[in-house]
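Notes for the one structure printed next.
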Number of protein chains: 2
Amino acid sequence: MICQRYDSDVATKRASDTRPDLAAMLAPLVRELIDAELPILAANGISMWAYSVLLALDRSPMRSQAALAEAIGADKTRIIPTLDELQALGYIERRPDPDDRRVRLLAVTDAGRAVKDATQAEIQRGEERWLGRLSAADRSAFLRVLRQFTDERRAARNLARESS
Amino acid sequence: MICQRYDSDVATKRASDTRPDLAAMLAPLVRELIDAELPILAANGISMWAYSVLLALDRSPMRSQAALAEAIGADKTRIIPTLDELQALGYIERRPDPDDRRVRLLAVTDAGRAVKDATQAEIQRGEERWLGRLSAADRSAFLRVLRQFTDERRAARNLARESS
DNA sequence: TATTGTTATACTCTATAACTATA
DNA sequence: TATAGTTATAGAGTATAACAATA
């Protein structure tokens with residue numbers, strides 16, 4: 001009934017009208033990218049969440065921790081230890097809004113931006129291991145598509161926020 | 001000292017010689033793809049790991065559970081409950097190798113392939129929400145790049161396995 | 001003794017729900 | 001009373017290590 005070879009690298013059947021799932025191709029790639037990032041982050045003394053916070057605050061200061069959490073796709077309770085740490089290191093500024101002392105105004109400091117820039121340079125150098133193998137046309141198309149997806153996600157999120 | 005506006009959608013600075021990190025763009029995308037998949041998987045009565053197993057066994061039968069685990073990037077202990085379940089549902093065949101009764105020969109059944117095909121069709125229809133917005137050229141370039149990355153990962157893994 | 005599969009345990013990560021302080 | 005932030009707790013998911021069966 002089942003009469004295929006039990007080889008590990010038997011030719012993968014790939015009918016002309018089928019494609020692999022996006023997530024099935026992307027998830028292992030992301031995992032590998034993250035595995036490559038972790039030592040770099042550790043060497044620069046920050047966690048993945050901390051790096052994510054620095055990236056977001058470098059794009060723009062934030063008027064509340066909840067907004068920051070939403071921007072980076074985290075729970076608001078989850079980033080608190082990260083913010084404590086970044087503040088203690090002097091990488092972010094975090095002070096109560098004088099107009100509403102419940103909310104915290106968040107911004108990256110010069111020191112924080114320097115760490116973020118150094119870390120990002122190393123990370124992107126590592127990513128060239130993947131991008132470097134692409135033709136110039138494929139590279140630019142791939143990055144363009146990813147940026148388009150990112151922008152569309154942000155637009156959809158803003159729309160959902162405004163309607164609520 | 002810090003004099004930017006605290007707006008959430010302030011223009012993101014994007015210097016001409018910089019690009020966003022690959023992982024920073026891919027990770028949220030993968031998360032969203034997975035969130036869209038989970039209801040589909042639930043409706044078809046299988047878990048994410050089970051679907052991953054069906055995909056792998058549909059590509060090729062496997063001669064051991066450890067090989068299967070490695071192929072899908074899982075721990076060998078983690079997939080055991082999944083295999084139990086898939087076997088109970090009649091979606092996979094799992095029998096001791098007569099030549100070495102320690103190892104289990106694994107293969108997908110016709111019923112398992114049917115569930116996998118139905119699930120995959122739904123998932124890929126959902127993914128068209130993303131791919132459908134791309135130009136034909138961008139779509140084919142994007143998928144070509146992802147396949148290239150996937151193939152390179154597999155080649156690197158086979159190389160590492162053979163040298164050990 | 002080495003290997004495959006299995007089970008048990010400990011650990012990390014994450015989400016949920018109370019709690020405080022301001023409004 | 002409602003909201004921003006914080007803390008505490010419970011749950012899910014994961015990895016590590018011990019165990020049983022076979023070679």
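Below, read A as the first sequence line, B as the second, and so on, with proteins coming before strands; counting in each chain starts at 1. Reckoned from all heavy atoms, side chains included, excluding hydrogens, waters and symmetry mates.
- Rounded to whole angstrom, the span from the CZ atom of R95(A) across to the C1' atom of dA21(C) amounts to 19 Å.
- Note that the CG atom of D21(B) and the CG atom of L33(A) stand 9.5 Å from one another [nearest 0.5 Å].
- Following rounding to the nearest Å, Q65(A) (CD) and dT3(D) (P) show an atom-to-atom distance of 17 Å.
- L38(A) has its CG atom 13 Å from the P atom of dA15(D), to the nearest Å.
- The interatomic distance linking L106(A) (CG) with dA4(D) (P) rounds to 13 Å, in whole Å.
- Between W49(A) and dT14(C), a side-chain N or O to OP1/OP2 separation shorter than 4.0 Å is present.
- Distances shown here put every side-chain N or O of R104(B) at or beyond 4.0 Å from the OP1 or OP2 atom of dT3(C).
- Nucleotide dG5(C) holds its C1' atom 14 Å from the CD1 atom of I92(B), rounded to whole Å.
- Under the 4.0 Å criterion applied to side-chain N and carboxylate O atoms, E127(B) and R19(A) are assigned as salt-bridge partners.
- Taking the charged nitrogens against the carboxylate oxygens, R129(A) and E32(A) do have a contact shorter than 4.0 Å, which makes a salt bridge.
- No more than 12 heavy atoms of other residues, nucleotides or ligands shown are found within 6.0 angstrom of CG on D110(B).
- You'll find that the side chain of I80(B) is closest to dT7(C), out of dT7(C), dT16(C), dT6(D).
- Hydrophobic cluster membership differs between I72(B) and V103(B), with clusters built from Ile, Leu, Val, Met, Phe, Trp and Tyr side chains linked at under 4.5 angstrom.
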### Derivation and outcome, side-chain hydrogen bond (donor to acceptor under 3.5 Å, both in side chains), residues Q148(B) and E152(B)
CA-CA 6 Å; Q148(B) 179 179 332; E152(B) 285 171 355; 3.2 Å; yes
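- Classified by interplanar angle (parallel below 30°, tilted 30° to 60°, perpendicular above 60°), the ring pair F142(B)/F149(A) is perpendicular.
- Summarising the geometry, the separation between CZ on R63(A) and P on dA4(D) is reported as 9 Å, rounded to the nearest angstrom.
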Below 3.5 Å between N/O atoms, which protein atoms pair up with nucleotides 18-23 of chain D? Just atom names and distances, please.
unit_1  : atom_1 : unit_2  : atom_2 : d
dA23(D) : OP1    : R101(B) : N      : 3.1

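- Between V103(B) and A74(A), it is V103(B) whose nearest contact on DNA chain C lies nearer the 5' terminus.
- The side chain of R78(A) places an N or O atom within less than 4.0 Å of a non-bridging phosphate oxygen (OP1 or OP2) of dA15(C).
- Summarising the geometry, the separation between CD on E70(B) and P on dT3(C) is reported as 15 Å, rounded to the nearest angstrom.
- The nearest whole Å value for the distance from the CG atom in D75(B) to the P atom in dT9(C) is 18 Å.
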